[in-house]
Amino acid sequence: MKDMVTKEPLIQVRDLSVGFTGRAGHTLPVLRNIDLAVRRGESLGLVGESGSGKSTLALAMMGYLKRGLRVIGGGTHFAGLDMFTLSRKELEGIRGGRLALIPQNSGQSLTPTLKIGAQLSEALRLHSKLPEAEHSARVVQLLEQVRLPDPSAIAGRYPHELSGGQQQRAAIAMALAGEPEALLLDEPTTGLDVTTQAHILELLRDLAAETGMAMVYVSHDLGAIARVCDRVVVMYAGEAVLEGPVREVLRNPAHPYARGLLASIPKLTDARLPMALEGRPPPPGKAGDGCAFVDRCAIATDVCRTSRPALATVPSGARVRCHHADRADSLPTRSPADADPRVIAEDAILSLGDLSISYARPGFLDQILGRKPATTPTVDGITIELEKGETLGLVGESGSGKSTILKAVAGLLPPAGGRIELAGDGVLPPLVDTRRPDQLRRVQLIFQNPDESLNPRQTIAEILAQPLKLYFGLSGEALRQRIEDLLESVRLGAHYMDRLPSQLSGGEKQRVAVARAFAAEPDLVLCDEVTSALDVSVQAAVLDLLDQLRRSRNTAYVFVSHDLAVVRALSDRVAVLYQGRLCEIGPAAAVYAAPSHPYTEVLLGAVLEPDPDTVPTLSAADIVELSPPARGCPFQRRCPRKIGPQCDTETPPWQDDGHGHAIRCHIPREAL
Amino acid sequence: MAVASTNARPSVASRFLGVIADITSRPSGAIGLALVTFHLFLAIFGPWLAPYDYKAVDANLMMQAPSGAHWFGTDHLGRDTFSRTLLGGREAILVTGIATPIAVLWGGFVGIFFGLVGGRLDDVLMRVVDAFLSLPWILKMLVLIVTFGTGIEVLIPTLAFFYGIPVIRIARAATHDVVARDFIQAARARGHGRMTIIQRELLPNVRDALLVEGAMRWSWMLLAFSSLSFLGFGVSPPTPDWGLMIADARGFMSFAPWGVLAPVIGLSSLIIGINLTADALAKALGIDRAQKAPV
Ligand SMILES: Nc1ncnc2c1ncn2[C@@H]1O[C@H](COP(=O)(O)OP(=O)(O)O)[C@@H](O)[C@H]1O
Ligand code: SF4
Ligand code: SF4
Ligand SMILES: [Mg+2]
């Protein structure tokens with residue numbers, strides 16, 4: 001692949017600035033003086049937090065700007081053509097053909113009413129010179145190229161009949177139809193499961209090597225960037241602050257922001273909490289005269305406030321926008337110190353006994369006869385004990401039943417069987433309507449997306465007042481004081497009280513959601529993917545907050561996430577879930593080390609580390625199962641280590657090591 | 001995401017002012033709101049502004065072309081078209097101005113109720129609503145008017161009734177949307193009572209959708225009222241009314257087009273104004289009209 005990289009740049013961005021006109025009439029820049037080049041056969045990564053301008057830059061490379069944006073200075077060339085001077089017709093000839101884009105959620109951008117084959121033929125008609133007669137053969141070839149099983153069958157399906165990963169592959173096939181010289185990818189794997197994501201990234205690597213096309217890969221995920229890119233540009237507040245070879249940028253970045261970003265990523269191999277990068281980037285137009293990062297930088301000096309650093313080449317060959325790049329390596333790229341260990345009493349707070357939950361309602365006849373529904377329950381046989389102050393991580397791919405279990409514990413879904421027991425309160429009634437207020441108070445739930453879980457029409461004070469009024473009957477000055485304390489405890493000031501959620505950033509909103517849960521002074525907090533909607537640096541801050549709160553209040557957590565590294569950073573014990581059934585449970589260190597359940601092994605193998613030299617292992621097939629098998633091991637259909645017919649027919653036994661680490665598999669523990 | 005102001009206590013008054021400011025910050029919203037305000041002003045102060053008596057018949061002045069004395073000419077009875085156009089919206093605005101809130105209130109109430117109850121009852125009701133909506137509206141109204149007669153006391157309830165029905169759908173859809181969101185789940189999980197959840201969590205979010213819907217309903221209702229007048233079921237002569245004026249002047253289109261043109265401009269400028277305002281209002285409130293638009 002390397003020897004195909006030519007000297008002549010295919011995409012050349014020169015001193016590009018893009019902005020919009022603000023309400024006051026000023027021009028507010030969203031991209032400032034971007035300079036970069038992408039050569040043929042090369043793969044360039046664009047990383048940065050949301051709002052840093054990555055997508056705007058990628059789209060500008062196609063000569064496209066979102067409405068309201070305009071070029072303030074500089075320009076961008078593709079194969080020698082100045083993209084912002086081309087006519088509409090000329091642009092149409094290039095876009096989708098020589099220069100193709102794979103947008104975020106491209107699976108959803110497929111036309112829902114057209115079969116995959118028809119959409120590909122249409123792309124061929126528009127962007128290739130192939131005669132009509134050869135289209136159907138080429139369609140199959142393209143689907144084969146993106147490694148879709150049974151291409152002719154896939155061609156005859158509608159997009160909604162494909163899984164997320166398959167849709168993404170189909171979208172890539174569409175982009176390949178015009179045999180592009182360059183491919184722009186905007187967060188192409190965001191929102192996909194770890195295993196699916198790893199498969200898609202391997203595909204992209206292979207395609208780049210096979211076809212020699214250039215790639216521009218936009219992502220907030222340094223793990224994905226590490227896997228597919230040769231060179232990386234780190235964006236901050238509309239600027240390129242660091243550019244260099246992927247190893248250089250991910251191992252020893254010479255810019256303080258890049259180091260902070262790296263340190264805020266939880267790592268699979270590190271059981272400690274990642275380091276939070278406090279503060280947030282300046283909004284467009286607010287970057288000031290100096291360095292845009294100055295307010296968050298630990299090594300900033302006076303010169304950083306007054307003069308904007310230029311992009312300068314450092315000895316390692318990277319280009320850095322920093323006055324003190326030579327001092328950047330004094331900043332850590334991982335958490336410096338171990339946190340004090342927490343003491344967890346051997347005293348259960350929650351115990352789930354053989355819990356099962358079914359979404360299928362029993363039919364009328366079944367109800368009369370008192371029969372259980374014939375379909376296999378979505379979640380089954382969940383037996384878990386949680387100690388006071390302990391954090392249990394619950395991992396599994398989407399659809400594995402993580403949220404379902406939390407909802408049942410919170411009383412939002414009736415279990416089909418089993419019991420939920422809360423220490424001191426005995427077995428909890430199934431639904432909220434029948435639970436006593438104090439039982440409700442003791443268990444609180446935090447949701448994934450604060451935009452959904454905070455009422456957009458209520459002020460922060462009103463939101464926090466709800467549990468305080470309900471559980472403690474507070475009012476007047478006492479209520480106000482308590483709200484202030486709560487805001488303080490999640491590191492938001494009292495001045496947030498009268499704001500609406502829409503006036504807060506994503507991280508601030510999630511802090512409010514955390515404060516609302518803690519307002520009830522709960523014994524158990526159920527966290528459902530609470531950091532998944534946040535940027536990594538913000539995620540680190542929220543994880544840190546959750547850690548502080550559990551330390552000061554001895555609260556137990558059930559922490560659900562699809563991200564194994566995040567779960568590792570916070571959890572004392574971890575349970576692995578597949579198709580609503582437990583596969584493995586034990587102390588975090590034991591679950592993340594051998595021996596592992598085959599499914600845990602697959603999950604761990606697919607995790608992408610922000611390091612170009614760790615290679616994911618892809619053992620299980622990239623398929624999505626819609627319902628659990630009726631008998632045997634839940635993982636039987638995808639298991640790469642399946643040993644025989646007993647996997648299909650017999651429920652595998654729990655194999656315990658005597659220290660609380662249990663694996664449920666037919667393979668003997670010694671051989672796992 | 002930018003923080004607009006640190007201490008904005010979003011009281012009803014300040015939210016209202018904020019929304020107005022947002023509407024007027026868009027050119028289309030500013031034009032729309034100006035048109036609506038202008039018409040409301042005329043409806044109130046028209047009688048003092050009109051240069052002539054709207055019912056003063058003068059056989060010598062029949063079918064005059066526009067002139068310095070009669071800006072929009074005169075009609076077949078020699079009445080001043082300008083004065084009549086100026087006053088021609090009063091009745092329509094009064095009737096629809098009362099009927100619209102009633103329609104939104106009752107339709108909203110029923111829609112929210114069924115949205116919350118859900119299940120079979122909700123399915124059945126929606127079938128009925130859909131069947132009802134598929135009938136041509138003019139037919140439904142005429143049946144009622146022919147049965148009960150014309151006049152404000154019949155028109156207002158009739159319009160309010162018929163235009164409340166599509167509101168049911170909007171209110172129900174908005175309720176479904178909101179009920180599925182996590183903040184309702186969060187309130188349920190905390191153990192709040194049903195009424196508290198409806199009042200505190202649901203209504204404030206459905207209200208905006210209903211407000212926009214109300215604005216839209218108003219313009220539809222104005223058209224309906226004018227059509228009824230045109231057909232002779234609305235306002236009775238000699239009260240000036242755009243619909244009636246169009247009907248009267250229609251026969252003389254070929255040689256006295258101003259007689260039709262003036263009321264058409266009056267009516268359409270108000271309707272365009274309402275629509276522009278409703279669009280800007282939807283944007284200001286953050287509602288996607290493309291989704292919520294009535295079918
Ligand atoms: N309301 C529902 N009705 C029917 N099936 C559902 C519903 N919600 C979730 N499911 C199904 O239950 C399974 C578990 O889902 P969920 O608990 O959301 O998983 P996770 O949180 O691990 O992603 C999935 O197969 C999902 O499709
Ligand atoms: S220029 Fe100064 S403030 Fe900016 S990153 Fe470098 S040291 Fe920090
Ligand atoms: S029981 Fe069989 S199918 Fe299941 S994980 Fe073990 S080997 Fe694989
Ligand atoms: Mg979930």
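Scope of the values below: all heavy atoms of this structure, side chains included, with no hydrogens, waters or symmetry mates. Source: prediction; values computed, not measured. We name chains A, B, ... by the order of the sequence lines, and we start the count at 1 in each one.
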In this structure, are over 12 heavy atoms from other groups packed under 6.0 Å from B/Phe132 atom CZ?
yes

Contacting moiety of A/Gln439, where chain B heavy atoms sit under 4.5 Å
neither

Return the CZ to CG distance between B/Arg188 and A/Leu431, rounded to the nearest 0.5 Å.
7.5 Å

Using non-hydrogen atoms only, which part of A/Leu454 is less than 4.5 Å away from chain B: side chain, backbone, both, or neither?
backbone

Is chain B contacted by the side chain of A/Gln466, its backbone, both, or neither, given a heavy-atom distance below 4.5 Å?
both

One should read off an interatomic distance between B/Gln185 CD and A/Lys407 NZ, to the nearest 0.5 angstrom, of 6.0 Å

Among A/Leu412, A/Leu440, A/Val432, which has the most heavy-atom pairs under 4.5 Å with chain B?
A/Leu412

A/Arg441 side chain to B/Gly191 backbone, donor-acceptor under 3.5 Å
no

Quick one: what part of A/Pro467 sits under 4.5 Å from any heavy atom of chain B, side chain, backbone, both or neither?
both

Check B/Phe183 against A/Pro456 and note the closest heavy-atom contact, atom names and distance.
CE2-CD, 3.6 Å

Count the heavy-atom pairs under 4.5 Å between each of A/Arg516, A/Gln444, A/Glu452 and chain B, then report the option with the highest count.
A/Glu452

Hey, what do you get for CZ (B/Arg194) to CG (A/Asp433), rounding to the nearest 0.5 Å?
7.0 Å

Do A/Arg457 and B/Glu201 touch side chain to side chain, with heavy atoms closer than 4.5 Å?
no

With a 4.5 angstrom heavy-atom cut-off, which part of A/Arg435 approaches chain B: side chain, backbone, both or neither?
neither

More than 12 heavy atoms from other groups under 6.0 Å of CZ on B/Arg26:
yes

Which bit of B/Ser25 comes within less than 4.5 Å of chain A, counting heavy atoms only: side chain, backbone, both or neither?
side chain

Under 4.5 Å heavy-atom distance to chain A, tell me which part of B/Arg200 shows up: side chain, backbone, both or neither.
both

Is it the case that the side chains of A/Asn455 and B/Asn205 hold a donor-acceptor pair, with the cut-off being a distance below 3.5 Å and no angle test?
yes

In this structure, are over 12 heavy atoms from other groups packed under 6.0 Å from A/Phe472 atom CZ?
yes

A/Phe447 and B/Ala186: which non-hydrogen atoms are nearest, and at how many Å?
CE1-CB, 3.6 Å

